[in-house]
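Letters A, B, ... are given to chains in the order of the sequence lines, protein chains preceding strands, and every chain is numbered from 1. Remember, it's a predicted structure, so these values are computed and weren't measured experimentally.
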Amino acid sequence: MRFPLHRRFACAVVGLVLAAPAIGAVPPEVAELHYRAVLFNFYQRDYLAASTLAMAYEQQHVLGARRHDAALLLGGMYLSYGLFDATEDAFNRLLDQSVPSDVRNRAWYHLGRLAYQRNDLDTAEAALAHMDADAAPVRRGQRALLRGLIAMRRGDYQGAVKVLSGHDATADAGLFARFNLGIAALRAGDGARGRRTLETIGRLDTKDETLLSLRDKANVALGYSALRTDDTGTAGRDFGRVRLTGPFADQALLGAGWAATSGGHYRRALVSWNTLAGRDAGRPAVQEALLAAPYGLRKLGAEQQAAAAYDRAIDAYEGELAQLNAALEAVDSGRMTDALRRAALHARGPDWPARLLTEGDTAGYLPELLAGHDFQRAAANFRDLYALQHNLSYWAGSMDGFDRMLATRKERYRRTAAVVDDKLADFDLAPLLARRDALAGRIRKVESGEEPLALATPEEKQRIGKLRAIGKRIDALPDGPRESALRQRQRALSGYQRWRIATDFHPRLWRAKKALAALDQSIADLRDRHQSLRAAKDSARTRFGGFAERIADARRRVSRLLPRVNATIERQRQHLETLAVQSLRQRADRLRSYLAQARFAQAQLYDEARKRGNREAGQ
Amino acid sequence: MRHAGLAIRVIALLATMACSPLWAAGPPKNSGTPADSGLEQDIQTLKRQVMDLNRDLFVLEEEMLFPSNTQVQFFVALDSGSFFKLDSVQLHIDGKEVADYLYTEREVQALKRGGVQRLHMANLATGEHEVIAHFVGRGPKGRDYRRAAVLKVNKQLGPQYVEIEIRDDPASQQPTFAIHQWQ
């Protein structure tokens, strides 16, 4: 039995139904693909795109078992993006007991870290206390490190030593903890332990750049610690282990000079200071070395060379002051924030500060400004605001496109709906149901024995009909032995045919009932599809209304947000300029102080030389 | 000596800097106590609102352009990539080119670290479709390398996902290319 209507309706339903988002169990492979698609953007440090994707997938329920990992990632990205409140919300949502314990531990740790960064030390400690005692070793290590940092920020160095002492120092993260342990021990007054601990880092054999920097930092800390206790020989050796090209080279060279001076080794001190004095005069340690070098020369009695060195220092300070004035002028005229804006438009992720260094005449002082935390944070916000502006401008230009999309879909719907309406109008189940009822009635009769031949196949019916016709023709013949034999044979064949039908009656009846049940199911399916087609047609109209509302809502949000972003960019520009001016003025004040000292010392030199000349002339 | 006194102060400052505690991944970048907290709060609010807007428009765009019953998404995954340096992927569906993507170094690195790129989205009718992905890049020993992978995708109702995967085969020291269908 075939129902062409059934197929026609199925096709129409496929064409019209817009299925709801799949909610429920997500196959692991599908969840994995979506989570890794977020990672693809995350690994490129495109946090805005990665966050958008993670948030959209969360809403679409396609992250399956990976949803907790995605939520952790999202929380981390919020933090990188400076969204502290959103970060807290994201991690707080992972504290439910239904969440796997490792994810929960990570959430508590991140909440603790966030509170520490906000200087809310009580909350930070409370969050860490929620982590399981038997958390994974890496989590326990992170917790110990953070607890140590909290104690140090409280000034509780003994407490920090206690917490950090139990830390496993085999991993790289453990080396950072060990560094902090060494610093805590020094500050707690346990110099021997502090030195022992820091020396294990200061003598690391490594090629990893991060660990090399850590090694340098440990040696600089050791050197200054030794200087404070007047152990100048040890300090010199500590500073000597610092790379001359690393980020701590300036501090080490300056310290090495002072260590040599304290031991009376002025020539050795001059080697370090002269090396440092030849570097960029914008750096504080170099400015200090410019003043220290002539001091060493004077101690050696080389007064003429000392006077020449003071000249060089004065020139360098004046040159640097001129640059600072130019930089202040650049800030006043808006060139600095223009450079930041250009860099923000052309770079993303961690590359953008490097991009700043290529941005024209304002670049010279920017590295130092960017080294300051407040300025760096403000500059990052400035860049992010431009990214928001760019993003919103894109959406503002796309809203008409959304309208066109909706109009196209409505038109397509209108055309399809017309076809569906025709089909719905043609659709009448009554004849079909009447035929089905007739069929069921016949089966009932067959079952009650009223129509024994009703279950014969068409071929069998045809054969019985033929045998009946043959019987009539035989009956018309005169009686004779031949005719009698024919009649007997015809009866035997008819009897055989009926016997075959009778013996196969029950299987045939079962098959007929089964076919009737299948027909009932098909009719039920057809009814369902008919109803779902009607529902889809109605819901499509409703959904278009939903789309229109969502587009209108988005348009309103874009038009409200864009002016606010533009105004905030202007406020942030002023904030950045204020920070820059403050920083540059502090630097200028420091330079003026150096300049005054250099001039005073030079005047002293000339005065002493004049007095000496007078004494020699008097003799 | 006046400048010797200043030097001691500078040494103290430098010593303080050198003796500051360290965070394992560098010092915290966000203190959360900015000078202008009102402005900072406004910026946070704006960022969050724009992110929410992005999410809503992303979902809206997808729902309007790619109804879930006809939607098929194509992803590219790269496992290790030791034997193949990916330059580009071309995607054909039923003989028609639908995507030709050239990868940046940053994107290749993101793929190697486990990221997966959503290469293309399409609307396909239910039934069978032939999907062919052409891969262009550098194979073992830096030679030009072009390969293709084919799959008959059986589109059914509901969104479907096709993963185009490049894997290293350590046994043959060659890359392998495959397409899988998930739903």
Side-chain angles (χ1 to χ4, degrees), chain A residues 14 17-19 21-22 27 29-30 33 36-37 39-40 43-44 51-52 55-56 59 81-86 117-119 145 149 152 173 176 179-180 183 217 220-221 224 251 258 288 291-292 295 373-374 377 381 384 388 391-392 395 405 547 550 554 557 561 564-565 568 571 575 597 601, chain B residues 1-4 6-7 10-11 14-15 17-19 21-24 28-36 39 42-44 46-51 53-60 64-65 67-69 75 77 106-107 109-111 113-118 126 157-159 161 163 182-183:
Chain A
V14 172
V17 172
L18 307 173
E29 297 87 357
V30 173
L33 281 178
R36 289 171 65 190
L39 286 180
F40 181 66
Y43 287 146
Q44 294 178 69
S51 307
T52 301
M55 290 163 73
Q59 187 168 309
Y81 207 47
L83 296 176
F84 304 109
D85 297 340
Q117 289 180 224
R118 293 172 138 178
N119 213 26
L145 178 56
L149 289 167
M152 288 173 85
F176 285 91
F179 176 89
N180 289 327
I183 297 294
K217 191 170 167 78
V220 169
Y224 282 106
Q251 291 175 47
W258 287 116
E288 173 65 20
L291 207 53
Y295 165 76
H373 170 261
D374 284 348
R377 168 126 196 79
N381 272 335
D384 293 343
L388 298 186
N391 189 247
L392 288 170
W395 286 128
M405 262 189 258
F547 282 144
R550 285 160 72 185
R557 286 157 73 187
L561 282 167
R564 280 174 57 201
V565 166
T568 311
R571 286 169 67 197
H575 178 51
Q597 288 179 72
Chain B
M1 296 294 294
R2 279 181 67 195
H3 69 261
L6 178 67
V10 171
I11 287 175
L14 292 174
M17 285 164 61
C19 295
L22 269 183
W23 193 266
K29 288 182 177 167
N30 303 310
S31 68
T33 53
D36 185 345
L39 178 57
D42 287 349
I43 293 172
Q44 276 197 51
L46 277 173
K47 284 179 179 177
R48 186 64 204 260
Q49 288 178 345
V50 173
M51 286 169 90
L53 176 73
N54 276 344
R55 176 202 56 201
D56 293 347
L57 285 170
F58 176 92
V59 172
L60 177 64
M64 290 180 74
L65 288 177
S68 58
N69 262 354
F75 294 88
R106 189 197 287 263
E107 287 167 336
Q109 289 308 317
L111 288 173
R113 292 179 66 188
V116 164
Q117 181 213 11
R118 194 167 75 162
T126 49
L157 285 182
Y161 308 95
E163 182 181 1
W182 312 111
Q183 58 189 36

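Among Phe75(B), Phe58(B), Trp182(B), the residue making the largest number of heavy-atom pairs under 4.5 Å with chain A is Trp182(B). Highest contact tally toward chain B, considering only Leu39(A), Val565(A), Thr52(A), is held by Thr52(A) [criterion: heavy-atom pairs under 4.5 Å].
Met51(B) has its side chain within reach of Tyr81(A): a pair of non-hydrogen atoms, C-beta onward, lies under 4.5 Å apart. At a threshold of 4.5 Å between non-hydrogen side-chain atoms, the residues Gln251(A) and Tyr224(A) count as touching.
With a 4.5 Å cut-off on non-hydrogen atoms, Leu392(A) touches chain B through its side chain but not through its backbone.
For the side-chain contact (heavy atoms from CB on, under 4.5 Å) with Leu388(A), the qualifying choice from Leu53(B), Asn54(B), Val50(B) is Val50(B), the only one to do so.
Judged by distance alone, the side chain of Lys47(B) and the main-chain N or O of Gly82(A) form no donor-acceptor pair under 3.5 Å.
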